[in-house]
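The residues of the chain are indexed from 1 along the displayed sequence.
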Amino acid sequence: MRTPGSVAEAVAVQEELRPLVDLVGPGPAAPTTVAGLDVAYAQSGDLLAAAVTVLDARTLAVVDAAVSVGRPAFGYVPGLFAFRELPALLAALDRLTTRPELLVCDGHGLAHPRRFGLACHLGVVTGLPALGVGKTPLVGEWAPPAAERGAWSPLRDGGEVVGRVLRTRDRVKPVFVSVGHRISLENATAQVLALTPRHRLPETTRSADRLCRQALTEHPRRP
């Protein structure tokens, strides 16, 4: 995958690929394996580690994992983070021995200013069903969902529903779920709930977060 040389070129790539996104799905109702993808940055900002962990969807045990460490491939531009992280994430995906049935990204899909966040980009490039789970919103307005686990409210941007604000734990801050590729919003919501039996964030995200942070800690630094 070629890295764009400018912000304008990156936006043009998003506009070109956006029509390829499948927002209907329905996606796998009972996947066997689900992958979590996350990226951690060194404090200096000039090094990142991308991690992919594949979990058994029934037990949530990690059955495969891979890491890629390198430099960010693009500048720090809101709405274009995928271009910073995608090359390393794709490299990590290529190192897996298990092909996951669903990608769960630490970020957004449709809930993006140009309706083409990281989850959409990864889904289109890999062809795999993908969804995004964000800790904070990138766009949109919403009303707080009810306090109990499983409650949700629509995330709207410009009058369009772009995701759901989902409560994964009783009386705990919600997460922001959006479709990436080849999955419906209803199914994406169900998959996120299945991946959050004990914590606010999906086990896929938690395991990938641990792995990429560990990779940064262990990576040799130049003096």
Side-chain angles (χ1 to χ4, degrees), residues 1-25 27 36-41 45 48 50 72-90 102-145 152-168 173-189 191-192 201-202 204-205 208-209:
M1 173 184 151
R2 188 176 67 84
T3 301
S6 67
V7 169
E9 189 177 340
V11 171
V13 170
Q14 288 183 333
E15 298 288 354
E16 179 184 352
L17 295 179
R18 184 176 58 189
L20 303 179
V21 174
D22 176 356
L23 300 174
V24 178
L37 300 94
D38 198 10
V39 175
Y41 289 84
L48 62 77
F74 196 75
Y76 186 92
V77 182
L80 298 176
F81 277 18
F83 294 100
R84 287 174 65 81
E85 303 176 352
L86 202 62
L89 285 169
L90 291 174
L102 175 65
L103 304 180
V104 178
C105 303
D106 178 40
H108 301 280
L110 186 65
H112 178 274
R114 284 175 293 279
R115 307 295 186 259
F116 196 74
L118 176 63
C120 296
H121 209 147
L122 269 167
V124 167
V125 170
T126 63
L128 293 169
L131 63 90
V133 183
K135 304 177 191 71
T136 57
L138 187 58
V139 296
E141 299 177 347
W142 71 95
W152 60 268
S153 60
L155 177 64
R156 291 188 170 91
D157 185 46
E160 177 185 2
V161 174
V162 295
R164 285 182 177 176
V165 185
L166 176 66
R167 194 85 66 182
T168 54
K173 285 195 303 183
V175 296
F176 298 82
V177 179
S178 57
V179 169
H181 184 55
R182 293 183 57 202
I183 192 167
S184 68
L185 184 55
E186 186 71 29
N187 193 12
T189 304
Q191 297 304 326
V192 172
L201 296 177
T204 41
T205 300
D209 174 75

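- Counting only residues at least two apart or in different chains, side-chain hydrogen bond (donor to acceptor under 3.5 Å, both in side chains) contacts with residues 73-82 are absent.
- Distance alone, capped at 3.5 Å, places no donor-acceptor pair between the Arg164 side chain and the Trp152 backbone.
- Applying the salt bridge (charged side-chain N to carboxylate O under 4.0 Å, His left out) rule to pairs touching residues 176-185 yields nothing, sequence neighbours excluded.
- Taking the side chain to side chain donor-acceptor pair (under 3.5 Å) definition, one finds that Asp38 meets it with nothing, sequence neighbours left out.
- Ser178 is not listed as a side-chain neighbour of Val162, based on a closest heavy-atom distance of 4.5 Å or more.
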Residues 129-136, side-chain donor-acceptor partners within the protein, below 3.5 Å, at least two apart:
unit_1	atom_1	unit_2	atom_2	d
Lys135	NZ	Asp106	OD1	2.8
Lys135	NZ	Asp106	OD2	3.1

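- The environment of CD in Glu141 is sparse: at most 12 heavy-atom neighbours from other residues, nucleotides or ligands sit within 6.0 Å.
- Here the CG-CD1 distance, from Leu23 to Ile183, works out to 11.5 Å after rounding to the nearest 0.5 Å.
- Phe74 and Phe83 have tilted rings, their planes meeting at an angle from 30° to 60° on a 0 to 90° scale.
- With contacts defined as side-chain heavy-atom distances shorter than 4.5 Å, the pair Phe81/Val39 does not qualify.
- Taking both residues in full, the closest heavy atoms of Pro174 and Arg167 are given as CD-NH1, 3.5 Å, listed atom of the first, atom of the second, then distance.
- Taken from CG in Leu122 to CG in Leu90, the straight-line distance is 6.0 Å, to the nearest 0.5 Å.
- Minimum interatomic distance between Ala208 and Gly36 (heavy atoms only, all atoms of both residues): CB-O, 3.6 Å.
- Atom NE2 of His112 sits about 6.5 Å away from atom CG of Leu80, to the nearest 0.5 Å.
- Closest heavy-atom contact between Ala119 and Cys105: CA-SG, 3.7 Å.
- Considering only residues two or more places apart in sequence or on other chains, Tyr41 meets the ring-ring contact (aromatic ring centres under 6.0 Å, His included) condition with none of them.
- The line from NE2 of His108 to CG of Leu138 is 5.0 Å long, rounded to the nearest 0.5 Å.
- Counting heavy atoms from C-beta outward, Val165 and Pro144 have side chains that stay 4.5 Å or more apart.
- Side-chain contact between Val104 and Gln191: absent, with no pair of heavy atoms (C-beta onward) separated by less than 4.5 Å.
- Leu89 places a side-chain heavy atom less than 4.5 Å from the side chain of Leu118.
- Counting heavy atoms from C-beta on, the side chains of Thr126 and His181 never come closer than 4.5 Å.
- Heavy-atom minimum distance, Cys120 versus Leu110: SG-N, 3.6 Å.
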Check residues 154-161 and write down every donor-acceptor pair under 3.5 Å in which the side-chain atom is one partner and the other belongs to a residue at least two apart or another chain.
unit_1	atom_1	unit_2	atom_2	d
Asp157	OD2	Arg115	NH1	3.0
Asp157	OD2	Arg115	NH2	3.0
Glu160	OE1	Arg115	NE	3.0
Glu160	OE1	Arg115	NH2	3.3

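- Between Phe176 and Trp142, the ring-plane angle classifies as perpendicular under the 30° and 60° cut-offs.
- A pairwise comparison of heavy atoms in Val24 and Ser184 identifies O-CB, 3.3 Å as the closest pair.
- Closest heavy-atom contact between Pro87 and Ala82: CD-O, 4.4 Å.
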